[in-house]
Amino acid sequence: MILGHIGARKGSKGVPGKNFRTLCGKPLIDWSLDQLFANARVGAVVVSTDDPAIHAHAVARGALDIGLRPAELATDTAPKWGVWQYALAASEPLCGPVSAFLDLDCTSPLRIPEDIDGALDRFEAEAPDMVMPDMVMSVCEARKNPYFNLVEPDATGALHVSKPLPGGVWARQDAPVVYEHVGVVYVVAPAYLRQAKTIYEGRVVPFVLPSERCHDIDTPYDFRLVEFLLTEQLTAGVRKV
C-alpha cells in the first residue's frame, strides 16, 4: 500500500501563504494533490500541515484526517524527516500497513505524472536481485559544479575551486557528475523512515530528472518563473493533471 504524502506548512517568509496561493487557476497544493489522487498505484493520501484551511481542504478532497501537525514540526527549522515520520505514524492506524511512503513537495508543481511513476519504478526495480534502496530521491544535474566552477575564499580572501582535484579540471564535461537534491518526488521504505534519524543514513539512490521540471518555489521570483513554465506545460499539452 503506497501512501502519498504532501507537507504544507502554513508559514512562509519568502512567499506568504504560498502553499494555498492560486497558481494557474488553482491552489498550489492542488497541483500535487491532484497527481496523488489520479495515480492508481497510490492507496491513500495524507497532507501534513499546521494550517486549518489546508487541512480542511485536503480532507474534503479525500485525504486522511490526521489532524494538524504538532507545533514543533511547524517551525522554519523543523526537519522534513521528522514531518515524514509523524505523517507515517499518524496515517497507518487509518490506512493500514504502508509498503512505500511517497512524498511530493508542494512547492515543486512542474512534475508530470511520469515522474511519480518513474520514481516508484526505480524504488521497486532493484529487488530481488539487487539491494533494494532505502530511499529514491529526485535530483537533477547541478547547474554549477564544485570541481569546476564553484569557488570559495580561503583565509586570505583568495578564491579557489571548492573541490580541487589533482591536475585541476579545465572543462565542465570532465568534472565528476554532481546532482542537485530537488523536491519533485521521494519514495521511502517505511522501515527505514521509522528507524533512521536523517535522510542519508541508508542507501539513498538518485532518480534523475530534467532541470526544467525541478524548479522549487521559495521566493516571489520563483513563483513567477514556475507560473510561466507551468503555463508553457499546459499550453503544450504536457500536463495530464
### Message
Salt bridge or not between Arg41 and Glu124? Use side-chain N to carboxylate O under 4.0 Å.
### Response
yes
### Task
For residues Val46 and Ala63, report the shortest heavy-atom separation together with the two atoms involved.
CA-CB, 4.4 Å
### For the student: nearest non-hydrogen atoms of Ile66 and Ser91, plus distance
CG2-OG, 3.9 Å
### Task
State the CG-OG distance between Asp216 and Ser108, to the nearest 0.5 angstrom.
4.0 Å
### Query
Between Thr156 and Asp154, does any side-chain donor sit less than 3.5 Å from a side-chain acceptor?
yes
### Task
Check whether any side-chain heavy atom of Asp134 lies under 4.5 Å from a side-chain heavy atom of Val188, and answer yes or no.
no
### By salt bridge (Lys or Arg N to Asp or Glu O under 4.0 Å) - contacts of Lys144 (at least two apart)
none
### Task
Assess the side chains of Arg111 and Ser32: does a donor N or O sit below 3.5 Å from an acceptor N or O?
yes
### Task
Measure the spacing between CG of Leu229 and CD of Gln233 and express it to the nearest 0.5 Å.
7.5 Å
### Task
Quick one: pull up CG in Leu64 and SG in Cys95 and give me the separation to the nearest 0.5 Å.
5.5 Å
### Task
Take Phe148 and Val161 through the test side chain to side chain contact (heavy atoms under 4.5 Å, CB included) and record every step on the way to the result.
CA-CA 7 Å; Phe148 176 60; Val161 172; over 6 Å; no
### Task
Measure the CG-CZ distance between Leu225 and Phe223 for me, rounded to the nearest 0.5 Å.
11.5 Å
### Message
Testing the basics here: between Gln85 and Leu193, what is the closest heavy-atom pair and its distance to 0.1 Å?
### Response
NE2-O, 2.8 Å
### Query
Got a donor-acceptor contact below 3.5 angstrom from the Thr219 side chain to the Asp222 backbone?
yes
### Min side-chain heavy-atom separation Val83-His5 under 4.5 Å
yes
### Query
Any link between Ile2 and Ile6 through a network of hydrophobic side chains (Ile, Leu, Val, Met, Phe, Trp, Tyr) touching at under 4.5 Å?
yes
### Message
I want to check something: taking the side chain as every heavy atom from C-beta on, are Leu102 and Val42 in contact at a cut-off of under 4.5 Å?
### Response
yes
#### Entry: Flag, side chain of Asn145 to backbone of Pro176, donor-acceptor distance under 3.5 Å
yes
### Message
Tell me whether Tyr179 shares a hydrophobic cluster with Val185, the cluster being built from Ile, Leu, Val, Met, Phe, Trp, Tyr side chains joined at under 4.5 Å.
### Response
no
#### Entry: Test log, rule side chain to side chain contact (heavy atoms under 4.5 Å, CB included), inputs Leu73 and Arg9
CA-CA 9 Å; Leu73 295 178; Arg9 192 169 61 87; over 6 Å; no
### Task
Keeping the roles fixed (side chain from Glu141, backbone from Ser211), state whether a donor-acceptor pair exists under 3.5 Å.
no
### Query
How many angstroms lie between CG in Leu209 and CD in Glu114, if you round to the nearest 0.5 Å?
11.5 Å
### Task
Establish whether Val184 and Leu3 are linked, either directly or via other cluster members, by ILVMFWY side-chain heavy-atom contacts under 4.5 Å.
no
#### Entry: Among Val45, Ile29, Asp34, the one residue meeting side chain to side chain contact (heavy atoms under 4.5 Å, CB included) with Arg61
Asp34
### Query
Within a strict 4.5 Å, meaning less than it, do heavy atoms of the Phe123 and Met132 side chains meet?
yes
### Query
When clusters are formed by joining ILVMFWY residues with side-chain heavy atoms under 4.5 Å apart, either directly or through shared neighbours, do Val151 and Leu165 land in the same one?
no
### Task
State whether Arg213 and Asp115 are salt-bridged, where the test is any N-O pair (Lys NZ or Arg NE/NH1/NH2 against Asp/Glu carboxylate O) under 4.0 Å.
yes
### Message
Run the side chain to side chain contact (heavy atoms under 4.5 Å, CB included) test on Leu23 and Val226 for me, step by step, so that the C-alpha distance in whole Å, both residues' side-chain angles and the decisive distance to 0.1 Å come before the verdict.
### Response
CA-CA 9 Å; Leu23 175 69; Val226 168; 4.2 Å; yes
### Task
Can you see which heavy atom on Pro27 is nearest to which on Phe20, and at what distance?
CB-CD1, 3.8 Å
### Query
Same cluster for Met135 and Leu120 if Ile/Leu/Val/Met/Phe/Trp/Tyr side chains link at under 4.5 Å?
no
### Message
If we ignore hydrogens and angles and just use 3.5 Å, is the side chain of Lys18 paired with the main-chain N or O of Ile217 as donor and acceptor?
### Response
yes
### Message
Going by the rule salt bridge (Lys or Arg N to Asp or Glu O under 4.0 Å), which residues pair with Arg194 if we only count those two or more places apart in sequence or in a different chain?
### Response
Glu92
### Check: Val182 main-chain N/O paired with Ser138 side-chain donor or acceptor under 3.5 Å
yes
### Query
Is the shortest heavy-atom distance from the side chain of Val47 to the side chain of Arg69 under 4.5 Å?
no
### Query
In terms of side-chain heavy atoms, does His57 have a donor or acceptor partner in Asp30 at a distance below 3.5 Å?
yes
### Task
May I ask you to decide if Lys197's main-chain N or O and Glu201's side chain share a donor-acceptor pair within less than 3.5 Å?
yes
### Task
Could you check if a side-chain atom of Val205 sits within less than 4.5 angstrom of a side-chain atom of Arg122, using non-hydrogen atoms only?
yes
### Task
Please report the shortest heavy-atom distance between Ala119 and Val136, naming the atom on each side.
O-CG1, 4.0 Å
### Query
Between OH of Tyr86 and OG of Ser48, what distance do you get to the nearest 0.5 Å?
6.5 Å
## Note on the structure
Taking every heavy atom of Asn19 against every heavy atom of Cys106, the minimum-distance pair comes out as OD1-SG, 3.4 Å
### Message
Quick check: do Ile116 and Leu104 have side-chain heavy atoms less than 4.5 Å from each other?
### Response
yes
### Query
For Lys80, does the NZ atom have more than 12 heavy-atom neighbours from other residues, nucleotides or ligands under 6.0 Å away?
yes
### Under 3.5 Å: donor-acceptor pair, side chain of Ser99, backbone of Met1
yes
### Query
Between Asn39 and Asp117, does any side-chain donor sit less than 3.5 Å from a side-chain acceptor?
yes
### Query
Could you give all pairs that pass the ring-ring contact (aromatic ring centres under 6.0 Å, His included) test and reach residues 182-219, with sequence neighbours left out?
Trp81-Tyr192, Trp84-Tyr186, His181-Tyr186
### Task
State, yes or no, whether a side-chain contact exists between Glu227 and Leu230 at a heavy-atom distance under 4.5 Å.
no
### Query
Is there a side chain to side chain contact (heavy atoms under 4.5 Å, CB included) between Asp65 and His55 once you walk through the steps?
CA-CA 8 Å; Asp65 187 353; His55 173 259; 2.9 Å; yes
